[in-house]
Asker: 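There's a structure below that I have some questions on.
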Amino acid sequence: MVGGGGGGLGCDGWWSSSGNFIQRAEPLAINMGLEVILVDVSFSFQCSRCMQCDTKFDFITRKHHCRRCGRCFCDKCCSKKVALPRMCFVDPVRQCAECGLVSQKESEFYDKQLKVLMGGGTFLVTLGTSEKSESMACRLSNNHRYLFLDGESHFEVELSRISSMQVLTEGSPPGGGSSRATGMILHYKAAGSRDLQQLRMEATDDKKTASAWLAAMHKAAKLLYESRDQ
């Protein structure tokens, strides 16, 4: 079964209600690792009210700015301290509620799913419309920017050139519960090409490891979407 049920492409053009299909109209630079980003907070010096509850700042109600988005808030609206290693903060730092939630999800991803992606899984890989498939080990590169596929041949897919991702799943197991990911279809543009190419990956013998890898890849894409939609 393809996907997880109903739901077409979301109105934002990137994420579907089914949670299994991810697409974007423009290339998106992706780095699943600890990418360093800079935030411009110069505008916050002229901010006179909390950007969440509209409380006016004064001698008693101090102004604080979220270390992730740079917006200014009162203490009540920006009191949560969460780890933010991707912006080079060693200790947990003050963030607004919205940013704190995203940072918490990122932290959990780095601790769990990133290791799974780098560990890899074995898949039956089909390129384009070819009838020939090859068993290949797929893993995330050490710099978190490529998918490496190794079998009789070596193949790479740059993550920033992936335009859509579709997870293939089995039906719900007996007794209910969620369906298991069994494969993935990627559409991407190879370096120097404007044409979309397709890569189909299906789990082989070690389906448990492959399913865990696919689930981690799906969560990574969803996390990137949520982070940039913020």
Asker: Is there a path of hydrophobic side-chain contacts, each under 4.5 Å between heavy atoms, that joins Y110 and M118?
Answerer: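 Yes, because Y110 and M118 connect within a single hydrophobic cluster, where side-chain heavy atoms sit under 4.5 Å apart.
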
Asker: Taking all non-hydrogen atoms of both residues into account, name the closest pair between C74 and C50 and its distance.
Answerer: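 Looking at all heavy atoms of both residues, the closest pair is N-SG, 3.4 Å.
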
Asker: Got a second to check how far Q198's CD is from I185's CD1, nearest 0.5 Å?
Answerer: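 Q198 CD to I185 CD1: 5.0 Å, rounded to 0.5 Å.
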
Asker: Does Q52 CD have over 12 foreign heavy atoms under 6.0 Å away?
Answerer: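 Atom CD in Q52 is not crowded, with 12 or fewer foreign heavy atoms closer than 6.0 Å.
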
Asker: Quick check for you: to the nearest 0.5 Å, what is the distance between S103 atom OG and F89 atom CZ?
Answerer: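 Rounded to the nearest 0.5 Å, the OG-CZ separation comes to 10.5 Å.
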
Asker: SG-SG distance between C72 and C47 under 2.5 Å?
Answerer: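 With an SG-SG separation under 2.5 Å, C72 and C47 do form a disulfide.
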
Asker: Scan residues 116-137 for pairs that pass ring-ring contact (aromatic ring centres under 6.0 Å, His included), counting only residues two or more places apart or in two chains.
Answerer: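 Residue pairs passing ring-ring contact (aromatic ring centres under 6.0 Å, His included), neighbours aside: F123-W213.
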
Asker: Between E202 and T182, is there a side-chain heavy-atom distance shorter than 4.5 Å?
Answerer: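 No. Closest side-chain heavy atoms not under 4.5 Å.
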
Asker: Using 0.5 Å steps for rounding, measure from the CG atom of L114 to the NE2 atom of H144.
Answerer: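 L114 CG to H144 NE2: 4.5 Å, rounded to 0.5 Å.
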
Asker: Which pair of non-hydrogen atoms, one from G120 and one from T209, has the smallest distance, and what is that distance?
Answerer: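 Minimum heavy-atom separation between G120 and T209: O-CG2, 3.6 Å.
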
Asker: Do you know the tightest heavy-atom contact between A210 and A203?
Answerer: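 So the two residues come closest at CB-CB, 3.6 Å.
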
Asker: Mind checking whether L199 and L127 have side chains closer than 4.5 Å, heavy atoms only?
Answerer: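 L199 vs L127: side chains touch.
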
Asker: Minimum heavy-atom separation for R161 and A191, please, with both atom names.
Answerer: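 So the two residues come closest at NE-N, 3.7 Å.
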
Asker: How far apart are the closest heavy atoms of L214 and G183, and which atoms are they?
Answerer: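 So the two residues come closest at CD1-N, 3.3 Å.
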
Asker: Might you point out which heavy atoms bring S211 and R180 nearest each other, and give the distance in Å?
Answerer: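 Nearest heavy atoms, S211 then R180: OG-CG, 3.0 Å.
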
Asker: What's the verdict on side-chain contact (heavy atoms from CB on, under 4.5 Å) for T122 and D206, showing C-alpha distance, side-chain angles and the deciding distance?
Answerer: CA-CA 7 Å; T122 303; D206 190 356; 5.8 Å; no

Asker: When you look at K76 and C53, which way does the side-chain contact (heavy atoms from CB on, under 4.5 Å) test go after all the steps?
Answerer: CA-CA 9 Å; K76 183 179 179 181; C53 68; over 6 Å; no

Asker: Would you mind reporting whether V157 and I162 have side-chain heavy atoms less than 4.5 Å apart?
Answerer: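 Yes, at least one pair of side-chain atoms sits under 4.5 Å.
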
Asker: Between C77 and M51, is there a side-chain heavy-atom distance shorter than 4.5 Å?
Answerer: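 Sidechains of C77 and M51: no contact.
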
Asker: Working note: K112 + K219, criterion side-chain contact (heavy atoms from CB on, under 4.5 Å); need CA distance, chi angles, decisive distance, verdict.
Answerer: CA-CA 11 Å; K112 300 177 183 178; K219 185 162 185 175; over 6 Å; no

Asker: Under 3.5 Å, side chain of S163 to main-chain N/O of H187, donor-acceptor pair present?
Answerer: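 At least one qualifying donor-acceptor pair exists.
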
Asker: Is there side-chain contact between M184 and L168, with at least one heavy-atom pair below 4.5 Å?
Answerer: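 The answer is no, as the side chains (C-beta and beyond) never meet within the 4.5 Å cut-off.
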
Asker: Evaluate R68 against V102 for side-chain contact (heavy atoms from CB on, under 4.5 Å), listing each step before the verdict.
Answerer: CA-CA 10 Å; R68 183 180 180 113; V102 175; 3.5 Å; yes

Asker: If you group Ile, Leu, Val, Met, Phe, Trp and Tyr by side-chain heavy-atom gaps below 4.5 Å, do F155 and L186 land in one group?
Answerer: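 Yes, one cluster joins them.
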
Asker: Mind checking the CE-CE spacing from M165 to M217? Nearest 0.5 Å is all I need.
Answerer: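 M165 atom CE to M217 atom CE measures 3.5 Å (nearest 0.5 Å).
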
Asker: Flag the pair K56 / D58 as yes when at least one side-chain heavy-atom distance between them is below 4.5 Å, and no otherwise.
Answerer: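 Not in contact.
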
Asker: What's the separation between atom CD in Q166 and atom NE2 in H218, rounded to the nearest 0.5 Å?
Answerer: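 It is 10.5 Å, given to the nearest 0.5 Å.
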
Asker: Could you point out which residue of K63, K80, K81, R94 forms a salt bridge (Lys or Arg N to Asp or Glu O under 4.0 Å) with D75?
Answerer: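 Going through the options one by one, the only one that passes is R94.
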
Asker: Just verifying a value: how many Å separate L159 CG and L140 CG, rounded to the nearest 0.5 Å?
Answerer: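 Reported value, rounded in 0.5 Å steps: 6.0 Å.
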
Asker: Does E152 use its side chain to pair, donor to acceptor, with the backbone of E134 at less than 3.5 Å?
Answerer: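 Flag not set: sc E152 to bb E134 has no pair under 3.5 Å.
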
